[in-house]
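A note on names: the letters A, B, ... follow the listed sequences, proteins ahead of strands, and every chain is numbered from 1.
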2 protein chains.
Amino acid sequence: MSLEHILLGMLAEPASGYDLKAEFEAGARHFWFAELSQIYPTLRRMERRTWLTSQEEPSPSGPARRVYTRTRLGTAELLKWLRSGPVVGVERFAYIGQLIFLGQLNDLETTLAFLERLRDLHREKLQFLKAAEKETSAKFAGDPDERDGVEFHEHLSLRMGIVSLGAKVRSCNECIKRVKDRMAAETSHV
Amino acid sequence: MSLEHILLGMLAEPASGYDLKAEFEAGARHFWFAELSQIYPTLRRMERRTWLTSQEEPSPSGPARRVYTRTRLGTAELLKWLRSGPVVGVERFAYIGQLIFLGQLNDLETTLAFLERLRDLHREKLQFLKAAEKETSAKFAGDPDERDGVEFHEHLSLRMGIVSLGAKVRSCNECIKRVKDRMAAETSHV
DNA sequence: CCACGCATGTAATAGGTTACATGATTTA
DNA sequence: TAAATCATGTAACCTATTACATGCGTGG
């Protein structure tokens with residue numbers, strides 16, 4: 001399972017399940033996501049495996065927080081995962097299937113609307129990543145070398161997301177052009 | 001669930017579970033994948049819902065085949081799904097997390113090896129898609145307008161995959177360059 | 001007093017993988 | 001006769017989503 005390893009990575013500093021969920025919402029959302037109802041039992045399981053320890057802490061506002069700390073064993077497991085090479089799981093892109101099957105409808109107007117909507121969805125995510133990059137690069141305006149290792153790697157991951165989402169937007173635009181050309185060709189020689 | 005809709009789309013022509021699995025292996029693999037042990041019960045469920053009907057057919061080689069045919073109800077469901085707009089599920093990219101967490105190791109050699117391996121994995125998939133595009137575009141060398149709607153849409157989906165994977169390869173190369181620059185900067189002013 | 005944010009969890013269900021079971025026909 | 005391909009399925013398990021339950025503290 002990867003969620004366990006993602007949580008190990010996020011637990012460089014001690015945090016509660018609630019904190020980790022907030023981190024998914026705030027920034028990690030572009031590469032992973034988990035519900036609280038999955039996070040809580042997963043943390044418990046990891047504690048049983050002695051990858052984590054937990055302490056209950058009173059909260060200034062609300063019920064007691066259970067704060068998890070990564071153990072040496074947990075850190076060792078994380079390193080093992082990182083050194084095992086990139087984990088590229090099976091990818092499932094329903095919208096690519098939809099695009100293919102729209103051929104059975106053969107209504108280019110619908111295909112066009114579909115592609116424009118898809119482009120807008122990609123564009124929204126792209127804006128989010130670009131905003132995040134702008135925010136961090138402002139901090140290192142003078143000398144990008146000042147970034148520490150963690151910040152440098154975070155920046156790499158943002159660059160990856162930005163380049164790859166930018167291409168998705170462009171690929172939608174390319175397809176939109178192809179559809180428009182085909183529509184024009186159809187009306188002209190019918 | 002999307003697998004049901006993917007199968008509906010693939011059943012433009014009657015096919016068995018075994019056939020559908022083969023189609024996933026051959027070409028649909030770049031956007032979806034399912035095991036036989038998931039396909040068989042799913043087809044049965046769809047039949048109970050009257051989206052499909054099935055007939056047993058003797059096989060020339062091997063046990064009887066259960067061939068599924070899409071009903072008008074199944075087709076209606078497919079169209080409903082297609083017209084509901086692009087389905088962009090939650091994306092989980094473990095390797096982006098790994099790249100971020102490699103910052104905690106802060107061993108640029110390991111990051112470099114990771115990125116090179118990731119690029120090679122993306123490149124392999126890209127080669128597969130490019131080969132598929134070449135194969136089909138050879139068929140329509142003279143006039144691309146000769147493609148029917150199905151072939152046209154299949155081509156669009158290939159273009160999307162090629163542009164987007166190409167960008168992933170490039171984003172790896174960009175990151176590799178950044179890592180090398182940082183390594184050079186480190187050795188020079190230490 | 002009610003809504004909202006903080007905080008933890010369980011239960012039921014759905015989606016997906018791995019392992020196992022069965023048996024026919026073809027090819028080496 | 002053994003292995004490979006064809007063909008269908010079940011069972012156990014893991015992963016993930018949705019719905020539900022509980023309760024504290026703060027601000028309107």
Query raised in the report: If you pin B:S59 and A:S59 to their nearest nucleotides in DNA chain D, which one's is more 5'?
Result: B:S59
Query - Residues A:R66 and A:E57 bridged, charged N to O under 4.0 Å - result: no
Query raised in the report: For B:E4 and C:dA14, what is the distance between atoms CD and C1' respectively, to the nearest whole Å?
Result: 10 Å
**Report entry** A:T111 side chain to B:H153 side chain, donor-acceptor N/O pair below 3.5 angstrom
**Finding:** yes
Query raised in the report: So, A:R170 and A:E174, do they make that salt bridge, N to O below 4.0 Å?
Result: no
Query raised in the report: Which is the 5'-most and which the 3'-most nucleotide of DNA chain D that has an atom under 4.0 Å from a heavy atom of chain B?
Result: D:dC6 to D:dT17
Query raised in the report: Can the positive tip of B:R92 be found less than 6.0 Å from the middle of the six-membered ring of A:F33, inside 45° of the ring normal?
Result: no
Below 3.5 Å is the cut-off: list the nitrogen or oxygen pairs between protein and nucleotides 26-28 of chain C, distance only.
none

Report task. Please determine if a side-chain N or O atom of A:R66 lies less than 4.0 Å away from the OP1 or OP2 oxygen of C:dT8. Result -> no
Requested in this report: Round to the nearest Å and state the distance from A:R44 atom CZ to C:dA11 atom P.
Outcome: 14 Å
Report task. Under 4.0 Å from any atom of DNA chain C, heavy atoms only: list the residues of residues 15-40 of chain B that qualify, in numerical order. Result -> B:E35, B:S37, B:Q38
Query raised in the report: Between B:L43 (CG) and C:dG15 (P), how many Å, whole number?
Result: 15 Å
Query raised in the report: How about B:E154 and B:R147: do any of their side-chain heavy atoms sit closer than 4.5 Å?
Result: no
Query raised in the report: Quick one: does B:L20's side chain get under 4.5 Å of B:L36's, heavy atoms only?
Result: no
Query raised in the report: Got A:E35 and A:I39 here, is their nearest side-chain heavy-atom distance under 4.5 Å?
Result: no
Query raised in the report: With side chains defined as the heavy atoms from C-beta onward, is the minimum distance between A:E109 and A:M183 less than 4.5 Å?
Result: yes
Query raised in the report: Less than 4.5 Å apart, any side-chain heavy atom of B:F31 and any of A:Y95?
Result: no
**Report entry** N/O donor-acceptor pair under 3.5 Å between A:S164 side chain and B:K168 backbone
**Finding:** no
Query - B:S59 versus B:R65, side-chain donor and acceptor atoms under 3.5 Å - result: no
